[in-house]
Amino acid sequence: MDGAKADNMALAKLLFGDKQVILASASPRRRQLLQQIGVDPVLRQPKVMETSFRPGDDAQRLVMENACRKALAVCRPGEPGWIIGGDTLVFKDGQAYGKPADPEEARFMLRRLSGTTHEVYSGLCVLDQQSGMLRQDVSQATVEFMPLPPDWIDAYVAGGEPLDKAGAYGIQGQGAMLVKQIHGNYGAVVGLDVCLLARMLQEWQIQR
């Protein structure tokens, strides 16, 4: 084991202790973010209906509620383990942009985001499976897109990357070429703010 990896694992152990970490998601992006901080989570895909955004809803509260709904859906009460649930929403001019239903909707979203600034809200829930106690919070980032020529949008959608991403783009992939600048936590845009996660664990005094 190289030194950097060992250091990452030591810090993760300080935060999570000896308990298993369960990610309530099938998202490879969230799993990779956890692996970057020395955690290799068990994946449990939640079978739950997420609450959709409606005009007048509080977007930040909505992503926190959906994150907790996912965590609770995979909980096995009494067993040791930390469950992490996350939910991400792109928000612009009072409208939410979740995962597009098809390529045409993806193109529509990208045209709306082109050359403008939008908000990304990333809800996070940490659930102590053994005690049933949970914490929830939300992080926010502001993302500015470059003006996107129609042929850029068509080529990006044709590659398939936008179809399972909130807002129809993945900043950790080719979608990085669409982003002019970002203010806030990068992980929040990907789907899991590990800095917020660490702070929540620290405040919860999960230390050996």
Side-chain angles (χ1 to χ4, degrees), residues 23-37 41 43 45-55 57-60 62-64 66-67 69-70 84-124 138-197:
L23 179 60
S25 173
S27 167
R29 300 171 296 280
R30 292 190 177 111
R31 182 182 186 183
Q32 288 166 4
L33 286 168
L34 287 173
Q35 289 174 330
Q36 287 174 13
I37 63 169
L43 302 184
Q45 186 169 3
K47 297 179 180 179
V48 63
M49 184 68 71
E50 297 179 27
T51 301
S52 300
F53 179 85
R54 296 174 298 181
D57 284 348
D58 183 329
Q60 297 189 50
L62 180 67
V63 292
M64 284 192 291
N66 280 334
R69 190 172 285 112
K70 293 175 184 178
I84 298 171
D87 189 60
T88 304
L89 189 68
V90 171
F91 195 75
K92 179 181 182 296
D93 296 336
Q95 185 171 352
Y97 297 87
K99 296 177 183 178
D102 51 42
E104 184 53 43
E105 187 175 16
R107 283 189 284 270
F108 168 80
M109 290 183 181
L110 292 168
R111 287 194 296 268
R112 292 295 303 273
L113 299 179
S114 172
T116 67
T117 298
H118 61 271
E119 303 296 323
V120 180
Y121 299 114
S122 189
L124 181 62
V138 63
S139 60
Q140 177 180 348
T142 302
V143 180
E144 182 181 354
F145 260 31
M146 294 174 54
L148 307 179
D151 57 342
W152 280 36
I153 292 176
D154 289 340
Y156 183 51
V157 172
E161 183 176 273
L163 297 181
D164 67 340
K165 312 287 193 303
Y169 74 95
I171 196 171
Q172 74 285 356
Q174 284 195 325
M177 294 188 290
L178 314 181
V179 175
K180 184 176 181 180
Q181 59 182 341
I182 173 175
H183 298 283
N185 185 276
Y186 171 82
V189 186
V190 179
L192 180 63
D193 183 345
V194 294
C195 181
L196 175 61
L197 172 63

Chemist: Without hydrogens or angle criteria, can the side chains of Thr117 and Glu144 be said to hold a donor-acceptor pair below 3.5 Å?
Modeler: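 The answer is no; no qualifying pair exists.
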
Chemist: Just verifying a value: how many Å separate Met109 CE and Lys165 NZ, rounded to the nearest 0.5 Å?
Modeler: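 That separation rounds to 13.0 Å.
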
Chemist: Run the numbers on Gln172 and Tyr186 for side chain to side chain contact (heavy atoms under 4.5 Å, CB included), then give the verdict.
Modeler: CA-CA 9 Å; Gln172 74 285 356; Tyr186 171 82; 3.4 Å; yes

Chemist: Would you check, one step at a time, whether the test side chain to side chain contact (heavy atoms under 4.5 Å, CB included) holds for Asp193 with Leu124?
Modeler: CA-CA 8 Å; Asp193 183 345; Leu124 181 62; 5.6 Å; no

Chemist: How close do Ala106 and Pro162 get, heavy atom to heavy atom, and via which atoms?
Modeler: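 Residues Ala106 and Pro162, closest heavy atoms: CB-CB, 4.2 Å.
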
Chemist: Minimum heavy-atom separation for Leu110 to Tyr156, with atom names?
Modeler: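 Smallest interatomic distance, heavy atoms only, reads CD1-CD2, 3.8 Å.
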
Chemist: NZ of Lys180 to OG1 of Thr116: how many Å apart, nearest 0.5 Å?
Modeler: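 The distance works out to 11.5 Å.
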
Chemist: Would you check if Tyr121 and Met64 make a side-chain contact, meaning some heavy-atom pair closer than 4.5 Å?
Modeler: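 In short, these two side chains do not touch, never coming nearer than 4.5 Å.
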
Chemist: Atom CZ of Phe108 and atom CZ of Arg112: how far apart are they, to the nearest 0.5 Å?
Modeler: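 Going from CZ on Phe108 over to CZ on Arg112, the span is 5.0 Å.
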
Chemist: Output the distance between atom OG (Ser139) and atom CD (Gln60), rounded to the nearest 0.5 Å.
Modeler: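 Reported to 0.5 Å precision, the distance equals 9.5 Å.
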
Chemist: Given the rule in the side chain to side chain contact (heavy atoms under 4.5 Å, CB included) test, do Ile182 and Thr142 qualify, once you have shown the distances and angles that lead to the verdict?
Modeler: CA-CA 6 Å; Ile182 173 175; Thr142 302; over 6 Å; no

Chemist: Kindly give the heavy-atom pair with the smallest separation between Pro149 and Pro147, and that separation in Å.
Modeler: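 Scanning both residues, the minimum pair turns out to be CD-O, 3.4 Å.
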
Chemist: Show the nearest heavy-atom pair for residues Arg30 and Ser25, with the distance to one decimal.
Modeler: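 Between these two residues, the closest heavy atoms are NH1-OG, 3.6 Å.
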
Chemist: Count the heavy atoms of every other residue, nucleotide or ligand shown that sit under 6.0 Å from NZ of Lys92, and state whether that count exceeds 12.
Modeler: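 Result for NZ/Lys92: enclosed.
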
Chemist: Quick check: closest heavy atoms across Glu105 and Asp102, and the distance to 0.1 Å?
Modeler: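 Answer, listing the atom of Glu105 first, then Asp102: N-OD1, 2.8 Å.
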
Chemist: Measure across Glu161 and Gly175 and return the closest heavy-atom pair with its distance rounded to 0.1 Å.
Modeler: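 That would be OE2-N, 2.9 Å.
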
Chemist: Between Tyr169 and Phe145, is the ring-ring contact (aromatic ring centres under 6.0 Å, His included) condition met? List the steps.
Modeler: CA-CA 11 Å; Tyr169 74 95; Phe145 260 31; 4.8 Å; yes

Chemist: Let me confirm one number: the CD1-CG distance from Ile84 to Leu192, rounded to the nearest 0.5 Å.
Modeler: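 Atom-to-atom, Ile84:CD1 and Leu192:CG are 6.5 Å apart.
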
Chemist: Between Leu197 and Leu34, is the side chain to side chain contact (heavy atoms under 4.5 Å, CB included) condition met? List the steps.
Modeler: CA-CA 10 Å; Leu197 172 63; Leu34 287 173; 3.7 Å; yes

Chemist: Can you tell me how far CG of Leu23 sits from NZ of Lys70, rounded to the nearest 0.5 angstrom?
Modeler: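 Atom-to-atom, Lys70:NZ and Leu23:CG are 9.5 Å apart.
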
Chemist: Considering only NZ, NE, NH1 and NH2 on the basic side and carboxylate oxygens on the acidic side, decide whether Arg111 and Glu104 come within less than 4.0 Å.
Modeler: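 Here Arg111 pairs with Glu104 in a salt bridge, since their nearest N and O are under 4.0 Å apart.
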
Chemist: Take a 6.0 Å sphere around CD of Gln174 and say whether it holds more than 12 heavy atoms from other residues, nucleotides or ligands.
Modeler: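 No.
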
